[in-house]
Amino acid sequence: MVSYKRLNPEDVQFSSGVLSELRPVQEEVAVPEPEEASLLPRRPPCSITTGLLVIGCLLLLLCGGWLLGTMFWLHGSSNQQPHKPPPPASGQPPDSKVRTRVDDAAAASRRDACSLTPAEWRFDCYPERGVVVTRELCEARNCCFIPVSPPSSSATRPSGKNGVPWCFYSQDFPSYSLVSLKDTVLGQKGKLVKDVKTYYPGDILTVEAEIRYETDTRLRVRITDPSSSRFEVPISVPTATKKAENPDYVVEISKQPFSLVVKRKSTGAVLLNTAVAPLFYADQFLQFSTSLPSEFIYGLGEHRSTFLHDFNWNTLTMWARDVPPMEKTNLYGVHPFYLAMEDGGNAHGFFLLNSNAMDVVLQPSPALTWRTIGGILDFYVFLGPSPGSVIEQYLEVIGHPAMPIYWALGYHLCRWGYSTSNNTWEVVKSLRNYGIPQDVQWNDIDYMDKSMDFTYDSTKFDTLPDLVKDLHAHDQRYVIMMDPAISSTQPEGSYWPFDEGLKRGVFIKDAEGKTLIGKVWPGLTAYPDFSDEVTHEWWYDNLQKFHEKVPFDGLWIDMNEPSNFLDGSTNGCPSNSLENPPYTPGVLGGLLRAKTVCATAQQKMSIHYNMHSLYGLMEAKASASALKRIVPKRPFVISRSTFPSQGMYSGHWLGDNRSLWKDLYTSISGILTFNLLGMPLVGADICGFSEEPEEELCVRWTQLGAFYPFTRNHNAIDMKPQDPTAFSPLARTAMKQALLLRYSLFPVLYTLFHHAHVHGHTVARPLMFEFTSDVKTYGIDKQFLWGKSLLVTPVLDPGVDYVVGYFPEGLWYDYYTGISMRSKGEELKLHAPLDKINLHLREGFVIPIQTPNLTLWVSSGQPLHLVSALSDDGSASGDLFWDDGESIDTYETDQYAYIIFNVMTSQVLHNNVEATYITVESASFYGVKEKPNKVLVNSQDAPFTYRENQVRFGVMRHLAFMLLLKQQHIWLGNKMYEL
């Protein structure tokens, strides 16, 4: 008899990344020698037993052959439609043995071809989560199946896990072909056709690709369905009217299969190459991939991560979601834009204008895959070439951020759990008594009556109107929380917002056309449809009515993903392809309706499936519009959920963080990322929102938070107070010093926001924006710049009195002392006691500062002090934008002053009456190596002080006088400077 050795799992081995064929191992059987030779075959003695054995062996061989042939046939490749076996070869009979040999050879050839694809260049063919992908499932999609080597604990790879995909596209996977191409006014338009359907339903076999050369630094590509209109994101973008004359890019088009390659003309760098993987365009599955010139990719918000994204098979899901920030999770906002660095320091950007749920996959090739489940493929490539110019070009498309009202840049204080208006008031008074600056007081949802919008608790918050009057009397402001969900359970006629909303039809409807009911803080609620202008008017009416009772100054719009304590609605959601699409991106909860409203919900512009991630943007737009009408000043709105272009209407805070050192660190990458995304008015909850704050952490966080563009301390209900007055005298003093430092730098910060508004610049800026040739700066997210000149190096670890910071090549001055350090591009250890945040001034810059006070209204009226950080050649420059701080469109209507401060070569630009309200009182020069004999200002002796490396002296000139004078002549010893 033949016996078989049992194969254990550990006996299964992989070779060269290919799963070895498993064959039975036979034991050797001795064959006796014949007794004598014969020319004629010997007939063995016949018996029934022998006959049955012979027949059985023959049947066994036949069955074995049939089974092997079937296996090879099932595993064989197919160039036909998925799920169908290939037909027999032409001219050959359908003989199983012949087919087995043919399929065996085809399968072997295909696997050889698949094995040639390097692991890092495998593009996932089976991205569904929660599926154990087997060879059969993979090859049914006409894809390659090669398990990674060495094997993991399982012989199959669960889909959706990070790591090299086992199932990936073959080089000959069916895709679109370009069958026609014609020139247009802006570029070219082509017809793409696919003959073979793929494995997702609703495959669109004919699509149209339009390539628009919009400007010399901006390329736009739109891939649409010419036979049917599809949802497009309803934000305003520029409309080009003529083709770019001398573009910085070259576009190469391949016909079979269709692909695009975009290169930088000056260097040949490939910025986009879609040939690396097939294009998909099905009704609910659109996908394309591109190679990248480097792994230095930034943006792609909103996610908790380092500033520089990880390329180790990293999937970033985008679908607005109410969840405390955590890694590998879709968060509050959606921003499908990235900035990429190239060799040599050039940069480019990419923006996919799509609001549907999507995955963005980064893999170490390096390459990136866009995978969305609706809309169209409408994308932009921005040529830069500097990182800053990329952001400028991006914001030219989505819109520049609004110029904030001046008090938005002050210190904001809030908490959930003041419990009463009197408790809130006492905290405000306490900060005043300690001389701690504060511009804005907030209240969370506890000020409301039963958590209902447009109400306040007349018992616990009975003195709220008086509190607001007191704030205004002290040049302070008041901001209220406002959630979008409206209580739906109040007695008819008792709650105007809901009754009037029903009357006007402003609420989102379910699939049957009835008001969709979810659940949030007030209980059962309805959701305003902010895609409808009727809702904007209803929102304004409600805010106006409430403002007559409580004259608030700004709005905090929260829970606007929109959030829902239920999945979908009180009645559930329909069971269809919108609620359960063929492919669901990696959204938290696994369902589009998880903790939000149904995807099938109906809105004015479209179904919620398309509109979901736009909800926060549209509420922000309605809120900013209403505030402009109620208080005709620049509106102040802070929103949790965000989408591209929202910087025109609101700022953003980074959500419900924790009082942890890790959250302190990750806040920097969040701040920097949102500055890239066109929302510079951004901050994190100082000291952390949830969990009990430690004193040391809160001090360090206040120091860092003093350099957030938006600075607010906020914590959760039932947590201990964490405002500066709640801590020891040492901690309180350190926090006060940090906030006073911020207030003294207000002219710098305000001018940076002017440049953000007018030119699309960043405010909080990554080091690599200014030092593109220094690759060491590309991953830095523990330090950042204010504009070009101020380097912030915070302490991010407990129990230390020092910090290590990187200083790019050049001359840097300690902001406090003026002592210089010359760096070759290196890390330096800095002294950092608990009461200090390290701040350095870059050579070649002049910054205007002021003596700080308790509010920015008072501080901004103080005289200026100019600090000049001299380069080796004695040059330095800076600027100041100044207006009344609150009127709308002062730049657009020429109601502003703009002064450029130059050392050695000064010039004066735009003048205005605002310049008469401020004086230059004094100046300091950093980089004066020897004490001068005298200082002359316009030929007159000026008292001065000298300490190591710096001179300080008085000037006392009105800005208006300086504008008339044109130049200030300042002599230091025998050297003259012009200011």
Side-chain angles (χ1 to χ4, degrees), residues 298-309 324-325 327 331-333 335 337-339 387-388 391 395 401 404 408-412 638-640 642 646-647 650-658 660-689 697 700-714 738-739 741-742 745 748-749 752-753 755-756 760-770 777-796 805 837-839:
Y298 314 85
L300 298 174
E302 181 174 12
H303 297 92
R304 166 71 71 87
S305 70
T306 54
F307 179 53
L308 175 64
H309 281 297
E327 287 77 5
L331 300 181
Y332 312 109
H335 293 266
F337 165 84
Y338 68 76
L339 169 74
I391 303 306
L395 298 191
L409 307 185
Y411 180 58
H412 300 242
I638 293 292
S639 175
R640 191 168 72 178
T642 60
Q646 194 158 331
S650 82
H652 173 61
W653 98 102
L654 297 177
D656 297 339
N657 59 1
R658 298 168 179 82
L660 301 173
W661 288 92
K662 178 182 179 182
D663 289 58
L664 172 67
Y665 158 60
T666 57
S667 72
I668 299 177
S669 62
I671 301 302
L672 295 178
T673 295
F674 270 91
N675 269 264
L676 267 58
L677 300 176
M679 299 196 70
L681 188 64
V682 59
D685 283 345
I686 293 173
C687 300
F689 173 71
L697 173 62
R700 294 303 193 188
W701 210 323
T702 303
Q703 291 169 344
L704 171 59
F707 288 91
Y708 291 159
F710 165 59
T711 298
R712 183 185 72 162
N713 181 317
H714 177 49
L739 295 174
L741 174 61
R742 176 187 179 86
L745 291 166
V748 178
L749 185 59
L752 288 174
F753 269 98
H755 289 304
H761 294 178
T762 54
V763 174
R765 187 169 303 174
L767 271 71
M768 59 98 169
F769 267 51
E770 296 297 318
T777 65
Y778 286 13
I780 291 177
D781 56 9
K782 294 185 176 182
Q783 297 169 273
F784 59 95
L785 294 160
W786 263 17
K788 296 175 178 287
S789 58
L790 285 170
L791 175 60
V792 183
T793 308
V795 173
L796 303 173
I837 180 170
N838 274 274
L839 185 63

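It should be emphasised that the depicted structure is a prediction, and the values quoted were computed from it without experimental measurement. Every heavy atom of this structure was used, including side-chain atoms; hydrogens, water molecules and symmetry mates were not.
Here the closest non-hydrogen pair linking Ser305 and Ser669 is O-OG, 2.8 Å. The minimum heavy-atom distance between Leu681 and Pro404, with the atom names listed, is CD2-CB, 4.5 Å. Contact between Glu302 and Gly333 at its shortest, heavy atoms only, is OE1-N, 2.9 Å. Of all heavy-atom pairs spanning Pro709 and Leu749, the tightest one is O-CD2, 4.4 Å. Here the closest heavy-atom approach between residue Ala764 and residue Thr762 is recorded as O-CB, 3.8 Å.
Looking only at side-chain heavy atoms (C-beta outward), Pro387 and Leu339 come within less than 4.5 Å of each other. His412 has its side chain out of reach of Asn713: every pair of non-hydrogen atoms, C-beta onward, lies at least 4.5 Å apart. Using a 4.5 Å heavy-atom threshold, the side chains of Phe769 and Ile391 count as touching. At least one side-chain heavy atom of Pro325 sits under 4.5 Å from a side-chain heavy atom of Tyr332. Counting heavy atoms from C-beta on, the side chains of Leu697 and Leu664 come closer than 4.5 Å. At least one side-chain heavy atom of Leu654 sits under 4.5 Å from a side-chain heavy atom of Phe674. Between Thr711 and Arg742 there is a side-chain heavy-atom pair separated by less than 4.5 Å. You'll find the side chain of Val763 stays beyond 4.5 Å of the side chain of Val682, heavy atoms only.
Summarising the geometry, atom CZ belonging to Arg765 is positioned 7.0 Å from atom CG belonging to Leu752; distances are rounded to the nearest 0.5 Å. Taking CE of Met679 as the reference point, atom OG of Ser639 lies at 6.5 Å (rounded to 0.5 Å). Interatomic distance, Lys788 NZ to His755 NE2, rounded to the nearest 0.5 Å: 9.5 Å. Summarising the geometry, atom CD1 belonging to Ile686 is positioned 11.0 Å from atom CD belonging to Gln703; distances are rounded to the nearest 0.5 Å. In this structure, Leu677 CG and Thr642 OG1 are separated by 7.5 Å, a value rounded to the nearest 0.5 Å. Within the model, atoms NZ of Lys782 and OH of Tyr665 stand 6.0 Å from one another, a figure rounded to the nearest 0.5 Å.
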For side-chain contact (heavy atoms from CB on, under 4.5 Å), just list the numbers for Asn657 and Ser667, CA-CA rounded to whole Å, side-chain angles, deciding distance to a tenth of an Å, and then say yes or no.
-> CA-CA 9 Å; Asn657 59 1; Ser667 72; 5.7 Å; no
Applying side-chain contact (heavy atoms from CB on, under 4.5 Å), run through Val795 and Ile837 and close with a yes or a no.
-> CA-CA 7 Å; Val795 173; Ile837 180 170; over 6 Å; no
How far apart are the C-alpha atoms of Ile638 and His652, what are their side-chain angles, what is the distance that settles it, and do they pass the side-chain contact (heavy atoms from CB on, under 4.5 Å) test?
-> CA-CA 5 Å; Ile638 293 292; His652 173 61; 5.8 Å; no
Determine, stepwise, if the pair Tyr778 / Leu767 fulfils side-chain contact (heavy atoms from CB on, under 4.5 Å).
-> CA-CA 8 Å; Tyr778 286 13; Leu767 271 71; over 6 Å; no
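Just one of Ile671, Leu785, Thr777, Leu676 meets the side-chain contact (heavy atoms from CB on, under 4.5 Å) condition when paired with Pro766; it is Leu676. For the pairing with His714, the ring pair (Phe, Tyr, Trp, His ring centres under 6.0 Å) check across Tyr411, Trp653, Phe689 returns one residue only, Phe689.
A search for salt bridge (Lys or Arg N to Asp or Glu O under 4.0 Å) contacts involving Arg640 returns Asp322, Asp558, Glu561, Asp656, not counting sequence neighbours. Take Trp786 and apply the ring pair (Phe, Tyr, Trp, His ring centres under 6.0 Å) test, not counting sequence neighbours, and it matches Phe707. With sequence neighbours left out, the ring pair (Phe, Tyr, Trp, His ring centres under 6.0 Å) criterion links Tyr708 to no other residue. With sequence neighbours excluded, the residues forming a ring pair (Phe, Tyr, Trp, His ring centres under 6.0 Å) with Phe337 are Tyr394, listed by chain and number. Partners of Tyr338 under the ring pair (Phe, Tyr, Trp, His ring centres under 6.0 Å) rule, at least two apart in sequence or in another chain, are Phe350.
Listed for the His761 side chain is no donor-acceptor partner under 3.5 Å among the backbone atoms of Gly388. Between the Asn838 side chain and the Thr793 main chain, no donor and acceptor come within less than 3.5 Å of each other. Looking at His303, its side chain does come within 3.5 Å of a backbone N or O of Leu300 through a donor-acceptor pair.
Identified under the salt bridge (Lys or Arg N to Asp or Glu O under 4.0 Å) test for residues 661-674, with sequence neighbours left out: Arg304-Asp663, Glu327-Lys662.
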